[in-house]
Amino acid sequence: MTTEIPDARLGTTEAELEAQFHATIEAKDRIEPRDWMPEPYRKTLIRQVAQHAHSEIIGMQPEGNWISRAPSLRRKAILLAKVQDEAGHGLYLYSATETLGASRNELTEKLIAGKQKYSSIFNYPTLSFADVGTIGWLVDGAAIVNQVPLCRTSFGPYGRAMIRICKEESFHQRQGYELLMTMMRGTDEQREMVQESVDRFWWPALMMFGPPDDDSPNTAQSMEWGIKTHTNDELRQKFVDMSVPQAEALGVTFPDENLRWNEERGHYDFTQPDWSEFWSVVKGNGPCNVQRLAHRKSAWDDGAWVREAAMAFAEKSAEAAASDAADTAGARAEEVAR
Ligand SMILES: [Fe+2]
Ligand SMILES: [Fe+2]
């Protein structure tokens, strides 16, 4: 005998589902994976979360470059832990996209084929060990400014992943700042190394917030859906305001002659980065785009046997469990017959 399970959605029209969706967003409540959502919302989220996941994974490369050359065991252990954290961030985020129906395999293949992007900052090289500190301070710092508001984003799995990620990013930023502070207390050569690194990373760090608002066509829709809660320019300003006093405490300067406090606005004025450079890096012409993707592809290809072995093991374990269950059921049936 079968029991009829009432379906809450039966008799609900598309318009009613859409109204429910908007009411959830309006109430600042979360959309969860099994909730109805408009197809463009799902697509936008998959694109954004995938891009974010890819950035975490590709972002392991510039710093991974220094693990074997860290100046002490302590620095090596810290850097290793930080780079491993980024791998974990990538995994939480790929898991979030899986709840939207996009698998990690499919997304990785799109990344390798150049069909999906990752943050442009990782297309710049790391030329000295000071870059490890600068990346922690400015790049993880910019990531935090971008990501803290995402903890309240409208899609549940994405927001929850961001809470843990932000805690770890905060450790990353502090370790970077502490590294630079240690170097600044060292020799003149070390201080010059820090300044040179900060000069190189300042502009790409400002670009991490994306193009100016009037050149960012998707922002309005993403804000309406509660995916984004602040505009690119708002977040960029926040980052500048936060970073200037930190630079002063460190004893470094940013390479911008127009950087000064504006009493009226209550914010620092600053020069915009070179947006033509940004678009050129996005299009694949940055200093390391080719190298980063080639490395990701070779790691993916080299890992194929591990994925195949894991799948074969999972299948065998499932078969063994099924045959164990059949044996147990058979034994029980015999007992009952006796
Ligand atoms: Fe991260
Ligand atoms: Fe990080």
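In listed order, ligands and their atoms are each counted from 1. Note that the coordinates shown come from a computational prediction; the quantities given were computed from them, not determined experimentally.
The count of protein N, O or S atoms under 2.8 Å from the Fe ion (ligand 1) stands at 4, with waters excluded from the count.
Note: W202 and F254 have parallel aromatic rings, judged against thresholds of 30 and 60 degrees for the angle between ring planes. Between Y92 and H89, the angle of the ring planes lies from 30° to 60°, which puts this pair in the tilted group.
In terms of modelled atom types and a separation under 3.5 Å, the side chain of E16 and the main chain of T13 share a donor-acceptor contact.
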Inset, instruction - Dump the intermediate steps for side-chain hydrogen bond (donor to acceptor under 3.5 Å, both in side chains) on Y118 and H52, then the final yes or no. - result: CA-CA 7 Å; Y118 54 90; H52 193 163; over 6 Å; no
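For the pair R75 and W66, the cation does not sit on the ring face, since its NZ or CZ is not both under 6.0 Å from the ring centre and inside 45° of the axis.
I57 meets the side chain to side chain contact (heavy atoms under 4.5 Å, CB included) test with M60, Y94, R296; sequence neighbours excluded.
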